[in-house]
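Note that the structure is predicted; figures quoted are calculated from it, not measured. Numbers for residues simply follow the sequence, beginning at 1.
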Amino acid sequence: MKASKIVYKPFGMALGALAGVVAGGLFKQTWKVAGHDEDAPDATDEDRGWGEILLAATLQGAIFAVVKAAVDRGGAVAARRLTGTWPG
């Protein structure tokens, strides 16, 4: 394993945690703007229908994937600018 990859690992993990927090907040705001209840449904919410639960899960997954990809890519670009090598 390359040294740059080992050094980048903790940085990448911190970025991943940040991406999760950002994606969670973005999903909550998107869910509210879409005109749904304040809280998105959990899969085990008895009072919510299949459609609403699956819509929420789809939206949440899409937002998380986009935010994580953007943060991961941005982190790798920043690491290359700082060190001159790609961390992957």
Side-chain angles (χ1 to χ4, degrees):
M1 187 179 275
K2 295 183 341 187
S4 63
K5 195 170 190 177
I6 293 170
V7 171
Y8 180 76
K9 196 72 151 172
F11 181 67
M13 289 174 64
L15 284 176
L18 175 65
V21 171
V22 169
L26 186 58
F27 169 67
K28 284 186 176 200
Q29 292 302 318
T30 303
W31 190 254
K32 286 180 194 176
V33 169
H36 295 279
D37 292 338
E38 182 141 337
D39 291 329
D42 291 324
T44 56
D45 277 352
E46 187 176 12
D47 300 330
R48 307 284 182 97
W50 278 90
E52 187 177 14
I53 288 170
L54 295 179
L55 174 65
T58 301
L59 183 61
Q60 186 176 26
I63 290 172
F64 180 78
V66 169
V67 170
K68 182 161 180 7
V71 169
D72 285 349
R73 184 66 181 199
V77 169
R80 178 184 237 168
R81 286 184 184 152
L82 290 172
T83 66
T85 60
W86 193 259

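Atom-to-atom distance recorded for L59:CG and T30:OG1 is 6.0 Å, nearest 0.5 angstrom. Put simply, CE on M13 and CG on L18 are 14.0 Å apart, with the number rounded to the nearest 0.5 Å. For the atom pair CD1 (I63) and OG1 (T58), the distance works out to 11.0 Å, reported to the nearest 0.5 Å.
Sequence neighbours left out, not one pair with a member in residues 12-23 passes salt bridge (Lys or Arg N to Asp or Glu O under 4.0 Å).
Partners of D45 by side-chain hydrogen bond (donor to acceptor under 3.5 Å, both in side chains), not counting sequence neighbours: none found.
When all heavy atoms are compared, the tightest approach of R48 to A40 is NH1-C, 4.0 Å. When every heavy atom of L15 is checked against every heavy atom of G75, the shortest pair comes out as CD1-CA, 3.5 Å.
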Compile the donor-acceptor pairs under 3.5 Å between side chains in residues 76-88 and protein atoms, sequence neighbours left out, one pair per line.
from: T83; atom 1: OG1; to: A79; atom 2: O; distance (Å): 2.7
from: T83; atom 1: OG1; to: T85; atom 2: N; distance (Å): 3.3
from: T83; atom 1: OG1; to: T85; atom 2: O; distance (Å): 3.2
from: T83; atom 1: OG1; to: T85; atom 2: OG1; distance (Å): 3.3

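Relative orientation of the F27 and W31 rings is tilted, given thresholds of 30° and 60° on the angle between their planes.
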Intermediate values then yes/no, side-chain contact (heavy atoms from CB on, under 4.5 Å), V22 and V71: CA-CA 10 Å; V22 169; V71 169; over 6 Å; no

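Taking hydrophobic clusters as Ile, Leu, Val, Met, Phe, Trp and Tyr residues chained together by side-chain heavy-atom distances below 4.5 Å, L26 shares a cluster with L55.
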